[in-house]
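Notes follow the structure.
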Number of protein chains: 4
Amino acid sequence: MAGGVRARRKAERPGEILEAAFEEFVQNGYAATRLEDVAARVGVTKGTIYFYFENKEQLFVAMVRELSRPVHLQAEEFAASNSSTAPEFLRSYLCFLYRIIATDPRGREILRLLIAEASRFPALIDEHHQNFMGPVVRRLRQVLDDGNAKGEIRQSSVLEFPELLLAPALSLNIWMLLFSDRRPIDMERHFEIAVDLLLNGLLPRTTSESNKP
Amino acid sequence: MAGGVRARRKAERPGEILEAAFEEFVQNGYAATRLEDVAARVGVTKGTIYFYFENKEQLFVAMVRELSRPVHLQAEEFAASNSSTAPEFLRSYLCFLYRIIATDPRGREILRLLIAEASRFPALIDEHHQNFMGPVVRRLRQVLDDGNAKGEIRQSSVLEFPELLLAPALSLNIWMLLFSDRRPIDMERHFEIAVDLLLNGLLPRTTSESNKP
Amino acid sequence: MAGGVRARRKAERPGEILEAAFEEFVQNGYAATRLEDVAARVGVTKGTIYFYFENKEQLFVAMVRELSRPVHLQAEEFAASNSSTAPEFLRSYLCFLYRIIATDPRGREILRLLIAEASRFPALIDEHHQNFMGPVVRRLRQVLDDGNAKGEIRQSSVLEFPELLLAPALSLNIWMLLFSDRRPIDMERHFEIAVDLLLNGLLPRTTSESNKP
Amino acid sequence: MAGGVRARRKAERPGEILEAAFEEFVQNGYAATRLEDVAARVGVTKGTIYFYFENKEQLFVAMVRELSRPVHLQAEEFAASNSSTAPEFLRSYLCFLYRIIATDPRGREILRLLIAEASRFPALIDEHHQNFMGPVVRRLRQVLDDGNAKGEIRQSSVLEFPELLLAPALSLNIWMLLFSDRRPIDMERHFEIAVDLLLNGLLPRTTSESNKP
DNA sequence: GATGAATGAGATTTCATTCAT
DNA sequence: AATGAATGAAATCTCATTCAT
């Protein structure tokens, strides 16, 4: 039993601090967050933070990395999975991305921090692109290509900008970041409609000739 | 007529300061911006700022308002215009929105500031919604409704979330805020493809029966 | 009369601060000196110091330079003067050096700071050598050489280490720095005896008559 | 016999710590030295230092005492020795003092610390005077007196300030503390010339009448 | 004996804000 | 109108010291 409480505490400290840091940084932004408040949230004193992290900047970076990692892992895992048809996979993939980009408060707020502090922490942006956005876009392009080859996806220049498929999730993200307090959104419904829009577009399906000659 | 230059100078001061404030706030964020740097950019000293603005907070608010106003006015004006068919108007309206949301650096960076400081300046968010996003969405809904009535727009639940039509512009905005330094994007092309996607969707148009029963 | 008190104040501030800094740094050493105490000594607040000096390090450097300058100027001036014979000039030159190295508390304490912080402020050591010690030693060598040529100074290898003539002043300096509180020293007498020792040495003069009538 | 290494280790710890403390204190001065660095130099952690020493102040005091003791003992021993003539003894005594004051880096740096921290650790200064400088000066006075009585040393007021004989060593010490990095000094030669100067002075020996009427 | 997590006081530094000129 | 010296509160960061293990 020796070393129980102490040791357990120690092992958990960094995580606790990162968690608290996340909340404070999200609430106030990087510059306006006081390490003292982060410490207080954990129930320790300022000094303790410096025992685990070099300085405020490093704490921020570590926090973003820590909270991003599980998401990146999940995304990797999901991308590796497969489904029968392209539209089917697309639907489940987009659902997954919706969840981690727009629905999950964590992912949402991390994105806020990245947008806000992009110029101060370019390395984080790079990592985010390398570990998440890049692979996601590549996977989307692949699905579109394959689906197109199989005739499941129409011939379209969307293949040039597969990230357009993320647009509904990203715009919902912004909407939530800006207006969530004001007017609640039915995110499930938003997703359903977005998928419908992406798959079928706005123009009536009945006409045999397209309207853009 | 002596003092003409002076007088002109004086009249321009507030605008110069707001301009400088915009650049500094964008570069560093609200909290990390030093009024001294704003002043230096104008070529005056800190004290002068306090002659024209109550404090840092008010300067920020005034700056966002000042830079948003012309955009809001343009948007209002554009919304009042008309075109023959719904798809036609949609195309030109979206083009306009693309420009002020994603292509124009001003609009882009203002959105960054709103996202970053949403919790500190809720009033600005309200104004933004009231003067821009709200009217835009209302106009979009109206176009969709009218188009649908005329058979130009297919019957679709997109009418529930007209803001989905903004998704491409908003996501391009985020993309630019995050990755513009890294990877240049052909924004014209992005727009064309987005319109195509919105109008026609991903599924093949040719078959008479849709593939989503 | 406009701007009187204010302007006068402003012009004097840097000097006041340097003066106060000198006293605090001497009393506590570089690291243990608190800028708040320096400020309090002047009657201003911490912030004011940062209006005039970049940081603690620069304040220290500026202080040492400021207090050294007059001494260096005097030394230069004195070195330029002349006397009839070498021993005569030597006596008056050494008297002068005694004063600024060992007798004057300012010079004494500056040397303490240089010794204490040599490794942290190598530039100051360089300046001290370049502006003071170097020229002094060169002048001493010249006097010895000339005196030797004229037969006023005996042929001796002291010419190799003219700085040895500074030894009494420097050792008195150390003595004062270490033991001044404990045991008062008659510095006039110390000087007289040192000159006698340097000129005549310890060994009896070989000539038949005794050497100090 | 298990634990032999351990036991030896343990017995050596305090000495190791003092040694490490010496190096750190010399490098950074008292205030700027971090106990953590001292500990790291030994290969232990901060806590261990507190097992052997009460606090930072006591560590400093113990360190100075520890490193001074062997010097004081040697000095005592040497002072007890004798030589045929006064000038002979003087030469060897001064040589010894040169070594421990100016040539040996240890003695040199200890003096730097004493000069730097004189006001914070008056007790150390007292001890230094009582155990070293005082006895040395007394012995010098005695040699001068005896030599003078025997006619080996000329009648001179140097008897009033026998510490003047230490001046060359002390000034070399300062020179090394300040300028050693910059310009190397031939310390052997310095000593030889200093002895010559002390014994024979600067004035030509041949002239029968002194030059100071 | 030794560790190292934790503390908390204190130091440097920054900067929005004021106000006499 | 504008300046810029001065303030003072607050934030980051450091580190001697303690103590449970």
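Chain letters run A, B, ... following the sequence lines, proteins first, then strands; residues in each count from 1.
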Below the 4.0 Å mark, does [N] have OP1 or OP2 next to a side-chain nitrogen or oxygen of [X]?
{"X": "D:Thr45", "N": "E:dT3", "result": "yes"}
{"X": "D:Thr48", "N": "E:dG1", "result": "no"}
{"X": "A:Tyr50", "N": "F:dC15", "result": "no"}

Donor-acceptor contact below 3.5 Å, side chain A:Arg112 vs main chain B:Ile115: yes
What's the closest nucleotide to the side chain of C:Lys56 if the choices are F:dC15, F:dT17, E:dT12? E:dT12
Counting only side-chain heavy atoms from C-beta out, which of E:dT17, F:dT3, F:dA2 sits nearest to B:Val44? F:dT3
Do B:Lys56 and B:Tyr30 form a cation-pi contact, if we require the NZ or CZ to be under 6.0 Å from the six-membered ring centre and within 45 degrees of the ring's axis? yes
State whether C:Phe22 and C:Arg106 meet the cation-pi test: NZ (Lys) or CZ (Arg) under 6.0 Å from the six-membered ring centroid, and within 45° of the perpendicular axis. yes
Without decimals, in angstroms, what is the distance between [X] [atom1] and [N] [atom2]?
{"X": "A:Glu36", "N": "E:dG10", "atom1": "CD", "atom2": "C1'", "result": "13 Å"}
{"X": "C:Asn28", "N": "E:dA11", "atom1": "CG", "atom2": "C1'", "result": "13 Å"}
{"X": "C:Ile49", "N": "E:dT13", "atom1": "CD1", "atom2": "P", "result": "11 Å"}
{"X": "B:Phe51", "N": "F:dT3", "atom1": "CZ", "atom2": "C1'", "result": "13 Å"}
{"X": "D:Phe53", "N": "F:dA16", "atom1": "CZ", "atom2": "P", "result": "15 Å"}
{"X": "D:Asp37", "N": "F:dT14", "atom1": "CG", "atom2": "C1'", "result": "12 Å"}
{"X": "A:Ile17", "N": "E:dA6", "atom1": "CD1", "atom2": "C1'", "result": "11 Å"}
{"X": "C:Leu35", "N": "E:dT12", "atom1": "CG", "atom2": "P", "result": "5 Å"}

So which one's nearest nucleotide on DNA chain F is more toward 5', B:Gly43 or D:Tyr30? B:Gly43
To the nearest 0.5 Å, atom CG of D:Asn28 lies from atom OG1 of D:Thr33 at 4.0 Å
Under 3.5 Å, is there an N or O donor on one side and an acceptor on the other linking the side chain of C:Lys46 and the base of E:dG10? no
Would you say that more than 12 heavy atoms from the other residues, nucleotides or ligands in this model lie under 6.0 Å from the CD of A:Glu54, or not? no
5'-most contact on DNA chain E (nearest-nucleotide basis), B:Glu57 vs C:Thr33, goes to C:Thr33
Here's a test of your reading of the structure: between B:Glu54 and B:Arg34, which maps to the more 5' nucleotide of DNA chain E? B:Arg34
Residue pair B:Phe25 / B:Val64, side-chain heavy-atom distance below 4.5 Å: no
Mind checking salt bridge (Lys or Arg N to Asp or Glu O under 4.0 Å) for A:Glu36 and listing every partner two or more places apart, or none if nothing turns up? A:Arg34
Counting Watson-Crick and G-U wobble pairs whose two distances are both under 3.5 Å, find the runs of 3 or more in a row that involve DNA chain F. E:2-21 with F:2-21
